[in-house]
Amino acid sequence: MMASGEAAINAGAHSNQAVYPLIGGFSKDIFRHKYHWKTLTPAGCSERLSQKSLDVALLPAIDYSAIRSHHPLVIVPGIAVSSHKKSLTAILLFNRGLSDIRSVAVDERSPAETALLKIILKEKFRTEPALIPMPPDHTAMLQNADAALITGDEALPLNETFEQKLDLGEEWDDLTDGLPFVSAFWAGHKDKMDRGIVEDFILAKTKGLSNISGESALALCTGYDFGEPEKNGLMEFYSYSYYYGLINEIPELHFLPE
């Protein structure tokens with residue numbers, strides 16, 4: 001329980017089916033801290049954490065390096081959002097051959113998946129199309145570009161209805177010989193984070209995972225641990241991102257004590 005008079009923690013996360021197990025378990029009466037929650041896009045989480053209007057956020061992995069260069073950030077251990085084998089929530093739709101793609105409309109809310117797309121297209125397909133940020137409407141996106149990156153809940157039904165597509169999680173799995181792709185994790189400002197926050201977020205994860213079905217396709221593809229496989233996959237992502245100029249340095253991972 002939160003001590004009387006203790007300031008609430010300003011926390012932010014995006015809201016979709018893949019991340020719900022990490023935030024759906026929160027309630028006000030069982031945690032050590034009180035939280036003021038903001039529901040934001042992934043890009044919004046990065047922006048607010050960088051501005052210090054949030055203390056902790058579900059941070060897109062690609063943005064950790066840039067924010068950490070200005071503010072000391074620490075990571076909540078043991079929790080991440082990752083894809084294993086497939087993603088289902090990060091797919092590239094296209095109407096022509098991959099070698100003929102000259103432009104891609106990208107979901108402007110999703111910086112980690114956009115970075116992954118750049119890496120996949122350069123490393124596996126030797127192509128570097130122009131990227132056009134747009135809202136996640138696949139019909140409009142494909143009218144304005146040769147291909148469309150769709151992420152989050154909007155991607156889920158398109159896995160069944162759209163024939164010409166790439167699953168970016170599957171492509172990453174192939175590129176890295178089976179490493180998971182970590183799209184996001186909890187990170188916060190060092191002066192605001194403590195052991196109680198770690199305990200709260202781990203408890204919320206435990207509660208959230210207990211309330212979901214493990215038999216859905218999304219549940220089978222999505223992981224929520226932050227163990228050695230996820231750390232290795234994340235550092236591989238940072239290595240590719242640095243090589244292709246998407247980040248200025250390969251960051252160290254600074255975790256709060258468990």
Side-chain angles (χ1 to χ4, degrees), residues 13-24 39-46 58-63 80-98 101 103-121 124-125 127 129 131-176 179-185 208 212-224 230 233-234 237:
H14 38 289
S15 178
N16 59 44
Q17 292 183 53
V19 305
Y20 182 76
L22 300 185
I23 58 175
T39 301
L40 303 161
T41 66
C45 286
S46 297
L58 191 59
L59 181 66
I62 191 64
D63 292 332
V81 181
S82 63
S83 61
H84 293 250
K85 304 296 183 184
K86 281 192 172 186
S87 167
L88 301 180
T89 58
I91 58 175
L92 180 70
L93 311 179
F94 50 94
N95 286 324
R96 57 176 65 188
L98 284 170
I101 291 176
S103 60
V104 179
V106 298
D107 186 338
E108 58 190 355
R109 309 166 304 169
S110 304
E113 289 77 8
T114 299
L116 178 60
L117 174 67
K118 293 178 181 179
I119 292 167
I120 295 297
L121 291 179
K124 296 196 67 177
F125 300 100
T127 183
L131 301 185
I132 306 170
M134 289 186 64
D137 179 335
H138 76 278
T139 300
M141 294 167 92
L142 289 172
Q143 289 173 346
N144 288 276
D146 299 325
L149 172 64
I150 306 293
T151 65
D153 290 350
E154 288 82 1
L156 291 174
L158 299 175
N159 284 278
E160 301 296 330
T161 60
F162 210 94
E163 292 186 4
Q164 290 185 282
K165 62 182 181 295
L166 287 180
D167 183 294
L168 297 192
E170 191 171 33
E171 296 299 322
W172 175 256
D173 179 84
D174 179 66
L175 176 63
T176 62
L179 289 176
F181 173 68
V182 175
S183 60
F185 47 82
I212 66 170
S213 170
E215 299 179 356
S216 69
L218 183 59
L220 293 173
C221 294
T222 306
Y224 299 99
E230 290 76 26
L234 180 58
F237 174 60

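At distances below 3.5 Å, at least one donor-acceptor pair connects side-chain atoms of Asn144 with backbone N or O atoms of Ala140. Under the 3.5 Å distance criterion, the side-chain polar atoms of Ser183 are matched with a main-chain donor or acceptor of Val81. Judged purely by atom type and a 3.5 angstrom limit, Trp172 uses its side chain to pair as donor or acceptor with the backbone of Pro180. A donor-acceptor pair is defined here as one N or O able to donate and one able to accept, closer than 3.5 Å; such a pair exists between the side chain of Asn159 and the backbone of Leu88. The main-chain N or O of Asp146 is found under 3.5 Å from a side-chain atom of Ser103 such that the two form a donor-acceptor pair. Lys118 places no side-chain N or O within 3.5 Å of a backbone atom of Ala115 that could act as its donor or acceptor partner. Asp153 places no side-chain N or O within 3.5 Å of a backbone atom of Leu156 that could act as its donor or acceptor partner. Remark: side-chain polar atoms of Asp63 are not paired, donor with acceptor, to backbone N or O of Leu59 under 3.5 angstrom. A side-chain donor-acceptor contact under 3.5 Å links Thr41 to the backbone of Gly44.
Listed here is the closest heavy atom pair of Phe181 and Ala112: CZ-O, 4.0 Å. Contact between Tyr224 and Gln17 at its shortest, heavy atoms only, is OH-O, 4.3 Å. Closest approach of Val182 to Ala61, counting heavy atoms only: O-CB, 3.4 Å.
Environment of OH in Tyr20: sparse, with no more than 12 heavy atoms of neighbouring residues, nucleotides or ligands closer than 6.0 Å.
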Candidate pair Phe237 and Ile119, rule side chain to side chain contact (heavy atoms under 4.5 Å, CB included), full reasoning: CA-CA 9 Å; Phe237 174 60; Ile119 292 167; 3.7 Å; yes
Steps toward side chain to side chain contact (heavy atoms under 4.5 Å, CB included) verdict (Leu179, Asp173): CA-CA 6 Å; Leu179 289 176; Asp173 179 84; over 6 Å; no
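Atom CD1 in Ile132 sits 12.0 Å away from atom CD in Glu108 (nearest 0.5 Å).
Looking at residues two or more places apart in sequence or on another chain, you find a salt bridge (Lys or Arg N to Asp or Glu O under 4.0 Å) between Asp107 and Arg109. Scored by the salt bridge (Lys or Arg N to Asp or Glu O under 4.0 Å) test, Glu171 finds Lys124 as partners (sequence neighbours excluded).
Sorted by first then second residue, the salt bridge (charged side-chain N to carboxylate O under 4.0 Å, His left out) pairs that include residues 132-144, not counting sequence neighbours, number zero.
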